[in-house]
Participant: 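Before I ask anything, let me first share the structure, which is written out below as structure tokens.
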Amino acid sequence: MENILEDFDILCVDENLLPIKDKLLNNKRLDFKDAEMIMDTKDLNSLGLLAKYKKLSKDGEKIYFVVNRHINPTNICVIANSCKFCAFGQKKNSPDAYEMSIDKILSLLDEELREIHIVGGLHPDWKFDKYLEIIREVNIAMPSAHIKAFTAVEIEWFSKISGYKVEKVIEKLMNAGVDALPGGGAEIFAPEVRKKICSPKTTGDSWLNIHKAAHKLGLPSNATILYGHLESKYDVIDHLDKLRNLQDQTNGFLAFIPVLFQPYNTRLKHLKPFPFSYDLKVHALARLFLDNFSHIKAYWITLGEKAAQVTFHYGVSDADGTIISEKIIHDAGAKSQIGHTRDFFVNMIKDSGYIPVERDALYNELKIYD
Ligand code: V47
């Protein structure tokens, strides 16, 4: 691999980044202080080079994407009003509330799909069996696609409504056909901020324990951070540190996904947006700090397609996928399209100088667009 850090010392204008470069070249783990330097730097070009070096050393010039679809079976949610950042969840009597029938869900599937991402509200009346039935039916209809379904918040809810332990809930979901857990619901682990944006939802510790239980049962998962609201740089670093520690124990995480907060229609709509440099720093920090994660994903739905393309030069190795129809973030005003074609990803990745690789949910390579 070409050493893109060869002239780093000449180009770098922030000397606080130099020890980080040395650690990278010597394969040493970054600590809190390094992470702080990354969040404080104004030398974005040098930071990009460092994160890109780490990305290239993991998977070369490949950037992954998947032909996937998001399905949100219901937006009715018992904690609709307490998640201040969420514009998707609705109370049962809201005119915007909806529930999909199994037939409706099945009608959304097509043979091209390799990953089906299913998450939704905590419905006050649906039994755990209903959620299992959704997975079973989707699995029967789409045996060759992976099902990535239900966040840790939903799993905690299923445990509560069924009386089963979390481990039993996960086993039943796996038997029904779930292949991986999505990373949602992590939000921000820092208790003080978490309390302000989404009390009384699943605590950070519960989120981590549910993912730990899944990994122990052989079910891989993703992890997210919701950033760009009330968090400090220390909260971001603390969040990554907790994930890195868990990954050291289980190695069950597939990808980490920074999710940029969208304020429209939410109870946090008064918050001022952060500058784009903050998005770049969060993605680059994720790549550099989470040395035990294979992939950092650009969630183009929240970043917007153009900014997502820039993050490919800040450590990102995954572009998520076609998604086809996104509702959770668009209800909160996301400006991105609600879905894209396979060709869109091939072109956007190639135009950034990388090699597009179509993958499945578990990062098996399906096609390299060389
Ligand atoms: O956890 C809700 C977020 C997440 C807003 O695992 C919002 O591959 C921004 O988890 N502004 C769900 N974000 C999304 C998610 C996800 C997305 C893509 C890929 C994967 C994966 C997982 O949506 C929630 C929450 O953080 N969310 N409202 C909002 N207003």
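Computed from a predicted structure; not experimentally measured. We're numbering straight along the sequence, starting at 1. In listed order, ligands and their atoms are each counted from 1.
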Participant: Quick check on contacts: which atoms of ligand 1 are under 4.0 angstrom from a heavy atom of I328?
Facilitator: 2 (C)
Participant: Taking N or O atoms only and a 3.5 Å limit, does G183 qualify as a polar contact for ligand 1?
Facilitator: yes
Participant: Distance under 4.0 Å to a non-hydrogen atom of N222: what atoms of ligand 1 satisfy this?
Facilitator: 6 (O), 8 (O), 21 (C)
Participant: I'd like to check which ligand 1 atoms, numbered from 1 as shown, lie under 4.0 Å from a non-hydrogen atom of V259.
Facilitator: 9 (C), 13 (N)
Participant: Can you name the atoms of ligand 1, numbered from 1 with element, that are less than 4.0 Å from a heavy atom of P182?
Facilitator: 6 (O)
Participant: List every atom of ligand 1 that sits less than 4.0 Å from any heavy atom of Q262, numbering the atoms from 1 in the order shown and giving each element.
Facilitator: 9 (C), 11 (N), 29 (C), 30 (N)
Participant: Just by distance, with hydrogens left out, do S232 and D235 show a side-chain donor and acceptor under 3.5 Å apart?
Facilitator: yes
Participant: Any salt bridge between K23 and D31, counting N to O under 4.0 Å?
Facilitator: yes
Participant: Can you check whether I329 has an N/O within less than 3.5 Å of an N/O in ligand 1?
Facilitator: no
Participant: Write out the residue and atom name of the closest protein heavy atom to atom 4 (C) of ligand 1, then the distance separating them to 0.1 Å.
Facilitator: G184 CA, 4.5 Å
Participant: In the protein, which heavy atom is nearest to atom 9 (C) of ligand 1, and how far is it?
Facilitator: L260 O, 3.3 Å
Participant: Got a sec, which residues hit salt bridge (charged side-chain N to carboxylate O under 4.0 Å, His left out) with K201, two or more places apart in sequence or on another chain?
Facilitator: E187
Participant: Is there any salt bridge (charged side-chain N to carboxylate O under 4.0 Å, His left out) pair reaching into residues 317-331, and which pairs are they, with sequence neighbours excluded?
Facilitator: K297-D320, D318-R359, K327-D331
Participant: Report yes if some N/O of T302 lies less than 3.5 Å from some N/O of ligand 1; otherwise report no.
Facilitator: no
Participant: Could you tell me if the ring centre of H295 sits under 6.0 Å from that of F256?
Facilitator: no
Participant: Quick one about E156 and T202 (side-chain donor to acceptor, distance below 3.5 Å, no hydrogens or angles considered), yes or no?
Facilitator: yes
Participant: Near F85, which atoms of ligand 1 are under 4.0 Å from a heavy atom of that residue?
Facilitator: 2 (C), 5 (C), 25 (C), 28 (N), 29 (C), 30 (N)
Participant: Looking at ligand 1, is there an atom of it that comes within less than 4.0 Å of some heavy atom belonging to T151?
Facilitator: no
Participant: Report yes if T224 has an N/O atom closer than 3.5 Å to an N/O atom of ligand 1; otherwise report no.
Facilitator: no
Participant: Pick whichever of E187, H117, H70, K269 has a heavy atom sitting closest to atom 16 (C) of ligand 1.
Facilitator: H117
Participant: To the closest 0.5 Å, what do you measure between CD1 (I10) and SG (C12)?
Facilitator: 11.5 Å
Participant: Could you check whether D351 and N347, counting side-chain N and O atoms only, form a donor-acceptor pair closer than 3.5 Å?
Facilitator: no
Participant: One thing to verify: whether E365 and K62 come together as a salt bridge, which I'm taking to mean a side-chain N less than 4.0 angstrom from a carboxylate O.
Facilitator: yes
Participant: Is it true that G185 lies under 4.0 Å from ligand 1, counting heavy atoms only?
Facilitator: yes
Participant: Does Y299, backbone or side chain, put an N or O under 3.5 Å from an N or O of ligand 1?
Facilitator: no
Participant: At a 4.0 Å threshold, what atoms of ligand 1 neighbour a non-hydrogen atom of A332?
Facilitator: 30 (N)
Participant: Counting from 1, what ligand 1 atoms have a heavy atom of L226 closer than 4.0 Å?
Facilitator: 7 (C), 9 (C), 13 (N), 26 (O)
Participant: So, does H330 use its side chain to make a donor-acceptor pair with the main chain of S336 at under 3.5 Å?
Facilitator: yes
Participant: Do S221 and H215 have side-chain atoms, one donor and one acceptor, less than 3.5 Å apart?
Facilitator: yes
